Amino acid sequence: MHKPQPQQSGTQAVWGGEEHLPAGGTTQVPIAQSVSFGYDDLDQWQEVALGQRSDHIYSRNTNPTVAVFEEKVRLLEGAEAAVSFASGMAAISNTLFALLKPGDRIVTVKDTYGGTNQLLREFLPRINVDVCYCDTADPAQIEAEIRRGCRMVYLETPTNPTLKIVDIERTARVAHSTGATVVTDNTFATPINQRPLDLGSDLVLHSASKFLGGHADALGGIVCGPKDLIHTIYHYREITGAALDPFAAYLLIRGMKTLQIRVERQNANALKIAQYLEQHPAIARVCYPGLETHPQHEVAKRQMPGGFGGVMSFVLEGDYEAVKAFLPRLHFAHRAANLGAVETTVGPPATTSHVEVSAPDRAAMGIPEALVRYSTGIEDVRDLIADLRQALEAPGNPGPGSSGNVAR
Ligand SMILES: *Cc1c(COP(=O)(O)O)cnc(C)c1O
């Protein structure tokens, strides 16, 4: 019997890709922990090899468990096709190397994820790709650089770690008038909050290790978009080999079942925490697109209809020493280089997103040394706020210009 495809995000995350589970009545996606798939009928094998029949031959190319993960994200992003990877960085690097060639120019923003930034600075110039870095919060500069001509526009929004917003729709319109391909890293927003393809981006990609999996127990990456571009990227991956492992795919599928309710909870927790921190005297600044004081709040409201995400950052009064004193006091947060998990996770850019970047370069990128990235989990927000309060107001904590208790 033909099953209709799920239409809404919550249903797509649960049921997507699961209509053809193997016989035997299993209700859960089995882990096809097999390198290759056997055929007694050579004609059938050849048809699969020639792409005339869809089935599996070798797991570096395709695998049934991995295919279910790809289908879920494809549906959620509203894409024609999707291809997965061993990690988010594999998804990003394979996309860039599959689509760019020597002599090409790429326009991007300064605030990309640290690993992406390193890829753009170290490895693309080696193949003679010219990379143009724009001020993330300056749409006029981004547009002017796109109009000078480029093969690709590479965006990330909200950005890591200062949560700047790039207007995808406006940027894509300019990019398309010059024939450039727009790629958007949607890791921070998730398809629950923001769907870049609807806004004109040609490709959308994720580190699935973050919100998609949501449990900090599996690495993965994925790129979604039109069939022709995805086929080009898939072909590059099938030969270079950064395929997603079936066991990791199983964990990501299991995590994705709760994607919508996790993200809704994280959106709500993060907004309450950002509002709490914004009025706290020990905090110099809060970066969260859901705050009305965020410089691009209006753009965020338009392009993130689902919510503003679970990640924020804030600047403590003081310097890196203040961060070193504050972080160990938090009880309900992992101090770790990760985000998007069910547990709250914190860290400074110096040891997390921008560990690859030198201190002077971080300063040039506008990342203060007293910045803390805070990825809200699904805990009860009352406990999280109480935890932040005791950590901020502990004796000896750097208050505004004092070393004593913050009187409040
Ligand atoms: C973590 C992250 C990546 C890299 O993903 P991995 O799965 O760690 O390789 C890329 N982009 C963003 C925005 C990230 O947060």
Side-chain angles (χ1 to χ4, degrees), residues 66 69-70 73 77 83-97 108-124 136 154-166 168 183-191 193-194 196 201 203-224 233 237 240-245 247-249 251-252 255-256 263 266 270 287 289 304 308-313 334 336-341 345-349 351-357 365 367 371 373-376:
V66 169
F69 167 68
E70 290 170 338
V73 188
E77 289 288 6
V83 56
S84 62
F85 293 88
S87 69
M89 283 315 301
I92 296 167
S93 57
N94 279 242
T95 299
L96 296 178
F97 287 115
T108 187
V109 291
K110 285 184 185 153
D111 296 70
T112 50
Y113 172 74
T116 308
N117 201 267
Q118 191 75 8
L119 189 61
L120 296 168
R121 287 188 192 275
E122 186 177 344
F123 296 108
L124 284 188
T136 310
Y154 186 91
L155 306 176
E156 190 179 313
T157 182
T159 62
N160 190 356
T162 52
L163 286 292
K164 290 179 186 153
I165 301 291
V166 183
I168 300 172
V183 181
T184 306
D185 183 334
N186 203 28
T187 301
F188 267 42
T190 82
N193 291 333
Q194 166 176 286
S201 187
L203 292 168
V204 56
L205 54 82
H206 286 271
S207 166
S209 328
K210 313 293 173 54
F211 287 97
L212 292 185
H215 292 71
D217 56 3
L219 284 170
I222 190 155
V223 186
C224 307
I233 299 166
R237 192 216 66 190
T240 55
L244 181 63
D245 179 78
F247 185 61
L251 291 171
L252 296 172
M256 279 188 66
V263 170
Q266 285 163 317
C287 309
M304 304 178 78
F308 302 101
V311 187
M312 75 186 76
S313 60
H334 287 305
N338 197 14
L339 59 94
T345 308
V346 291
T351 57
T352 59
S353 62
H354 287 66
V355 67
E356 299 94 342
V357 183
M365 292 167 79
I367 301 171
L371 189 86
R373 189 180 69 195
Y374 189 93
S375 173
T376 317

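Worth saying up front: this structure is predicted, and the values here are computed from it rather than measured. Order of appearance sets the numbers: ligands from 1, and atoms from 1 within every ligand.
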*Is there a donor-acceptor contact under 3.5 Å linking the side chains of T240 and N94?*
yes
_Quick one, L96 and F123 - any side-chain contact, counting heavy atoms below 4.5 Å?_
no
*Test of proximity, T116 against ligand 1: N or O pairs below 3.5 Å*: no
*Relative to the heavy atoms of N160, which atoms of ligand 1 are at a distance of less than 4.0 Å?*
15 (O)
*Would a 4.5 Å heavy-atom cut-off, applied to side chains only, mark V311 and F211 as touching?*
yes
*Answer yes if the side chains of T184 and N186 hold a donor-acceptor pair under 3.5 Å, and no otherwise.*
no
*For the residue pair P191 and L212, establish whether any side-chain heavy-atom pair is separated by less than 4.5 Å.*
yes
*Say whether I92 and ligand 1 are in contact under the criterion: heavy-atom distance to a ligand atom below 4.0 Å.*
yes
*Considering distance alone, does some N or O of G88 sit under 3.5 Å from an N or O of ligand 1?*
yes
*Can you list the atoms of ligand 1 that are under 4.0 Å from a heavy atom of E156?*
13 (C)
*Does the side chain of S84 come under 3.5 Å of the side chain of E70 through a donor N or O and an acceptor N or O?*
yes
*In the protein, which heavy atom is nearest to atom 15 (O) of ligand 1, and how far is it?*
K210 NZ, 2.7 Å
_ligand 1 N/O within reach of F188 N/O, cut-off under 3.5 Å_ = no
